[in-house]
Asker: 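Got a structure for you, questions after.
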Protein chains: 2
Amino acid sequence: MATIYDVAKAAGVSPKTVSRVLNGDAPVKKETLDRVQQAISQLGYVPSSAARTMRSNKSGLIGLITGAISMNANAIDTSGLPDLFIVQGIQKAIESSGKTLLIADTGGKTERVPDLIRTFEEHRVEGIIYVADFHQQVSLPRIGSDIKLVLANCYDDRATPSVLPHDRQGQYALVRSLIAKGHRRIAYLSLSPNLDATRERTAGYREALTEAGLAFDPELVVPAEIESPDRETAVQLLWDAIDRVLTLPEPPTVICFGNDRMAMRAYGILRSRGLNLPGDISVAGYDNYRLITETLYPTLTSAELPYAAIGIRATQLLLKLLDGEAPPDKPILVSGPVTPGGSVRELPRPITKLSTVGRKST
Amino acid sequence: MATIYDVAKAAGVSPKTVSRVLNGDAPVKKETLDRVQQAISQLGYVPSSAARTMRSNKSGLIGLITGAISMNANAIDTSGLPDLFIVQGIQKAIESSGKTLLIADTGGKTERVPDLIRTFEEHRVEGIIYVADFHQQVSLPRIGSDIKLVLANCYDDRATPSVLPHDRQGQYALVRSLIAKGHRRIAYLSLSPNLDATRERTAGYREALTEAGLAFDPELVVPAEIESPDRETAVQLLWDAIDRVLTLPEPPTVICFGNDRMAMRAYGILRSRGLNLPGDISVAGYDNYRLITETLYPTLTSAELPYAAIGIRATQLLLKLLDGEAPPDKPILVSGPVTPGGSVRELPRPITKLSTVGRKST
DNA sequence: CTCGGTTATGACACCGATGTCATGACACCG
DNA sequence: CGGTGTCATGACATCGGTGTCATAACCGAG
């Protein structure tokens with residue numbers, strides 16, 4: 001591979017002049033510049049980032065730690081939206097920054113993280129983004145202070161800068177939209193109650209009810225998933241939870257599920273009970289996992305879990321830190337919109353407006 | 001960040017001795033070794049791969065070009081299995097090799113590929129794996145001969161080493177398994193006929209028929225997808241194709257679809273015609289995209305598109321090339337098994353065995 | 001004509017590893 | 001005891017860029 005010296009010799013100038021042509025950081029006579037550029041393209045010269053890194057002590061590399069790539073295959077049993085979307089957001093945001101992304105996959109084994117960090121340190125990455133597969137607390141090994149760290153979809157107890165989904169706001173907005181469609185009995189079949197997301201979202205659910213002056217009925221809120229269940233167990237739990245709310249004296253008119261995958265399963269379960277969607281019962285999911293929400297019939301109403309935006313925000317945050325900006329003192333919360341689908345029916349308003357009776361949601 | 005000189009000073013030895021400790025390439029007195037190791041951990045010293053790369057002219061980096069990460073989100077309309085699974089296989093295979101993977105995503109724009117290659121060249125990657133999102137011919141810009149190139153899920157006209165799915169074998173095995181279950185009228189609603197995969201698979205379909213002494217009926221083979229359709233068009237095309245084969249004088253007992261996603265849509269369409277799965281009609285997919293095959297009810301019989309294996313094979317091939325082995329003279333074909341699901345019914349054998357009448361497939 | 005300032009270029013050192021060669025201390029053998 | 005080989009270690013150059021400083025050519029003002 002050609003070096004800057006080869007180019008210099010071919011163009012009959014000093015290496016430093018070639019360097020100036022490459023970086024445009026000092027005036028070069030037009031004629032010399034042409035000769036150098038010709039030599040460069042003739043030799044197919046590409047500067048070595050290793051040499052640059054050595055001299056400048058800046059690698060231009062950003063490290064990314066994730067399990068998104070390896071886990072995507074086995075992710076059939078897991079709960080939610082693939083964290084790959086976060087990676088995607090990061091990728092997009094880094095693209096325009098001139099940095100290069102070094103992706104390391106944990107293969108789902110967190111014990112490999114120290115090794116990955118080590119590799120990043122060897123490559124002198126300027127910053128690291130750690131991506132978790134769902135909203136959770138993490139604990140990473142300490143990293144040399146000259147490497148900036150940002151957590152995406154997770155947080156720790158050392159106030160490391162982090163970017164999180166605004167789960168409370170998401171569920172709040174979703175339930176609010178259901179109420180706007182005339183629903184008053186709103187069931188919530190949540191994910192495992194131990195999850196941060198579940199706590200936040202339940203709070204959002206209650207907040208929306210309170211705001212609308214609706215009473216909170218604990219019978220309508222049923223955890224319908226546990227962490228890392230097998231397929232069979234998941235279906236059983238879900239079946240039971242659905243049965244429980246449907247057989248209440250005053251059953252719900254709409255059921256919210258902890259994620260779109262649960263809702264997808266519910267479509268089958270509800271229909272096997274002879275229910276028509278959304279005529280007899282409305283359904284809402286969470287995540288807006290388009291593969292599901294847009295493919296199902298009717299399309300599924302869902303609150304967006306803004307993973308791509310989280311990735312982008314996390315990257316922007318990291319780039320700012322690298323620029324010397326001060327870290328924020330609390331996690332950055334990213335909100336997402338509600339995507340309406342055909343799975344939620346607009347209910348006739350019992351008293352107020354007779355004109356809307358029988359109208360279907362669009 | 002500490003350097004080897006800092007460590008040397010702290011341990012009271014020369015940098016070269018520290019280097020020997022790091023690489024274990026020459027004997028070091030036990031006592032010296034201890035002192036050096038202590039200095040290393042005290043200073044948190046991590047060697048710089050940039051400096052190593054400069055000296056040895058070996059970066060230990062492998063470049064990966066793919067659209068898998070960015071395209072996964074928008075991949076709702078696209079046909080098949082996410083190529084991310086290939087990336088995953090590569091990741092896994094590289095893990096044990098001591099190399100580091102540099103992943104560059106095209107963002108779906110092939111015109112960005114030269115830039116990505118340029119970045120890889122700057123980082124002096126030892127090899128590049130190019131991953132295509134479906135079995136196809138590609139044409140990459142030329143790369144300096146000191147960088148080895150391997151194509152995964154694609155091939156070119158310059159005999160670049162490549163690894164491809166064995167589509168013919170896959171469809172052959174699938175149809176063979178259907179015949180084994182007693183099916184004689186087997187429809188094939190394929191992907192776009194312009195695809196390499198479709199040509200290969202159709203050949204495999206015919207091969208299996210011929211082998212079983214069944215006549216090939218062109219009416220039973222209908223292209224039911226075009227390239228990059230919108231959702232609406234895709235559904236219409238599929239609906240029409242299904243209608244066409246079901247209204248034949250002698251309709252099929254089983255329909256094979258070009259991929260699992262088509263089969264997933266077909267579940268809804270077939271049921272809306274009042275058909276029972278698999279009682280009235282059997283269904284088979286292609287890809288074994290587990291998110292679909294295992295979530296559908298009944299689970300979907302599908303031929304596996306061995307993407308992870310393709311990734312692994314491509315990586316192994318590249319590592320061998322880096323080791324100086326000669327490239328193979330033709331593409332490496334990777335076969336996959338058939339994964340039986342509940343969507344294919346075992347037909348009663350009209351004459352042979354009465355005892356199997358009414359028995360369902362497991 | 002001379003001087004201060006700009007333009008264009010090169011010499012040289014340095015970034016952090018490691019290969020090469022040299023050196024000193026021993027041990028062993030004849 | 002001297003020669004030879006092994007062990008343990010260090011001095012120095014080198015990889016490919018770029019920052020610093022020096023230098024030469026040139027220009028216009030006084």
Side-chain angles (χ1 to χ4, degrees), chain A residues 1-37 39-40 43-61 100 118-126 144 146, chain B residues 1-37 39-40 43-61 100 118-126 144 146:
Chain A
M1 176 124 277
T3 75
I4 201 169
Y5 295 93
D6 301 328
V7 175
K9 200 179 296 177
V13 298
S14 79
K16 180 68 220 195
T17 299
V18 178
S19 170
R20 283 192 261 261
V21 170
L22 289 172
N23 300 288
D25 54 356
V28 174
K29 218 198 286 181
K30 176 79 171 63
E31 187 196 308
T32 316
L33 187 132
D34 288 344
R35 277 216 319 284
V36 170
Q37 281 178 333
I40 286 176
L43 294 171
Y45 166 71
V46 176
S48 153
S49 75
R52 281 192 170 144
T53 298
M54 266 196 69
R55 188 77 240 270
S56 67
N57 215 23
K58 288 199 159 185
S59 65
L61 293 172
T100 303
R118 159 85 185 200
T119 302
F120 283 167
E121 286 177 332
E122 288 182 357
H123 286 277
R124 299 290 187 268
V125 297
E126 300 173 15
D146 38 359
Chain B
M1 177 120 277
T3 75
I4 201 169
Y5 296 94
D6 302 327
V7 175
K9 200 179 295 178
V13 299
S14 79
K16 180 67 222 197
T17 297
V18 178
S19 170
R20 284 192 261 260
V21 170
L22 289 172
N23 299 288
D25 54 356
V28 174
K29 218 198 285 179
K30 176 82 172 65
E31 186 195 307
T32 317
L33 188 133
D34 288 344
R35 278 216 318 283
V36 170
Q37 282 178 334
I40 287 177
L43 294 170
Y45 166 72
V46 176
S48 154
S49 75
R52 281 194 169 145
T53 297
M54 265 196 71
R55 189 76 242 272
S56 66
N57 217 20
K58 288 199 159 187
S59 64
L61 293 173
T100 302
R118 159 85 186 201
T119 303
F120 283 167
E121 286 178 331
E122 289 182 357
H123 286 278
R124 299 289 188 267
V125 297
E126 299 173 14
D146 37 359

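Throughout, a chain's letter reflects where its sequence line sits, starting with A, and its residues are numbered from 1.
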Asker: Without decimals, in angstroms, what is the distance between A:Lys9 NZ and C:dA11 P?
Answerer: 13 Å

Asker: How long is the line joining CD1 of A:Ile4 and P of C:dG10, in whole Å?
Answerer: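 A:Ile4 atom CD1 is separated from C:dG10 atom P by 12 Å.
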
Asker: B:Ser14 versus B:Thr17: any side-chain heavy-atom pair under 4.5 Å?
Answerer: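 Side-chain contact under 4.5 Å: yes.
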
Asker: By nearest atom, which of the nucleotides C:dG10, C:dT7, D:dT18 is closest to the A:Val13 side chain?
Answerer: C:dG10

Asker: Within the 4.0 Å heavy-atom criterion, would you say B:Lys29 contacts the bases, only the backbone, or no part of the nucleic acid?
Answerer: sugar-phosphate

Asker: In terms of side-chain heavy atoms of B:Tyr45, which of C:dT9, C:dA17, C:dG16 is nearest?
Answerer: C:dA17

Asker: Taking only the side-chain heavy atoms of B:Arg124 (C-beta and beyond), determine which of D:dA8, D:dG17, C:dT9 contains the nearest atom.
Answerer: D:dG17

Asker: Any side-chain N or O of B:Ser19 less than 4.0 Å from the OP1 or OP2 oxygen of C:dT18?
Answerer: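 Yes, because at least one side-chain N or O of B:Ser19 sits under 4.0 Å from OP1 or OP2 of C:dT18.
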
Asker: Starting at CD of A:Glu31 and ending at P of C:dA8, how long is that distance when rounded to a whole Å?
Answerer: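 In whole Å, C:dA8 P and A:Glu31 CD are 12 Å from each other.
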
Asker: I need the NE2-P distance between A:His123 and C:dG16, as an integer number of Å.
Answerer: 17 Å

Asker: Give the rounded distance in Å between these two atoms: NZ of A:Lys58 and P of D:dG19.
Answerer: 12 Å

Asker: Quickly work out the B:Arg35 CZ to D:dA8 C1' distance and round it to whole Å.
Answerer: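 Going from B:Arg35 (CZ) to D:dA8 (C1'), I get 12 Å.
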
Asker: Would you kindly give the CE-to-P distance between A:Met54 and C:dA17, to the nearest whole Å?
Answerer: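 Rounding to the nearest Å, CE of A:Met54 and P of C:dA17 are 8 Å apart.
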
Asker: Which heavy-atom pair separates B:Val36 from B:Val7 by the least distance, and what is that distance?
Answerer: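 Closest approach of B:Val36 to B:Val7, heavy atoms only: O-CG1, 4.2 Å.
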
Asker: Work out which heavy atom in A:Met1 is nearest to a heavy atom in A:Asp6; give both atom names and the distance.
Answerer: O-OD2, 4.3 Å

Asker: Where do B:Pro47 and A:Arg118 come nearest, in terms of heavy atoms and distance?
Answerer: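 In this case the closest contact between B:Pro47 and A:Arg118 is CD-NH2, 3.6 Å.
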
Asker: Confirm from the modelled atom types if A:Arg20 and D:dG19 form a donor-acceptor pair under 3.5 Å, side chain to base only.
Answerer: no

Asker: From the options D:dG10, D:dG16, C:dG10, select the nucleotide whose nearest atom is closest to the side chain of A:Tyr5.
Answerer: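 The closest nucleotide is D:dG16.
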
Asker: Does the structure show a Watson-Crick or G-U wobble partner for C:dC28, both distances under 3.5 Å? Name it, or say none.
Answerer: D:dG3

Asker: Roughly, in whole Å, what's the span from CG in B:Asn57 to P in C:dG16?
Answerer: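 The answer, rounded to whole Å, is 20 Å.
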
Asker: Across all strands shown, which nucleotide pairs with D:dC15 by Watson-Crick or G-U wobble geometry, both distances under 3.5 Å?
Answerer: C:dG16

Asker: Which nucleotide in the list D:dG16, C:dT9, C:dA17 gets nearest to the side chain of A:Thr17?
Answerer: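 Nucleotide nearest to A:Thr17's side chain: C:dT9.
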
Asker: Across the strands shown, which category fits B:Arg55 at heavy-atom distances under 4.0 angstrom: base, sugar-phosphate, nothing?
Answerer: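 The residue B:Arg55 makes base contact.
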
Asker: Classify the nucleic acid contact of B:Thr32 as base, sugar-phosphate or nothing, counting any heavy atom under 4.0 Å across all strands shown.
Answerer: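 If one applies the 4.0 Å heavy-atom cut-off, B:Thr32 turns out to touch the sugar-phosphate alone, with no base involved.
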
Asker: Check B:Val21 against B:Leu33 and note the closest heavy-atom contact, atom names and distance.
Answerer: CG2-CA, 4.4 Å

Asker: Would you say the side chain of A:Lys16 and the base of D:dG17 hold a donor-acceptor pair, judged only by whether the two atoms sit under 3.5 Å apart?
Answerer: no

Asker: Looking only at side-chain atoms of A:Ala51, point me to the closest of D:dG16, C:dT18, C:dT9.
Answerer: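 From the listed options, D:dG16 comes nearest.
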
Asker: Given that both distances must come in under 3.5 Å, which nucleotide forms a Watson-Crick or G-U wobble pair with C:dC1?
Answerer: D:dG30

Asker: Between A:Asp25 and A:Ala50, who's closer to the 5' end of DNA chain D by nearest nucleotide?
Answerer: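 With A:Asp25 and A:Ala50 compared, the 5'-side residue is A:Ala50.
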
Asker: Could you check whether any side-chain heavy atom of A:Arg124 comes within less than 4.5 Å of a side-chain heavy atom of A:Asp146, counting everything from C-beta outward?
Answerer: no

Asker: Which nucleotide, D:dA11, D:dG16, C:dA11, lies nearest any side-chain atom of B:Ser14?
Answerer: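 That would be D:dA11.
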
Asker: Which part of the nucleic acid, if any, lies within reach of A:Asn23 when heavy atoms closer than 4.0 Å are counted: base, sugar-phosphate only, or nothing?
Answerer: sugar-phosphate

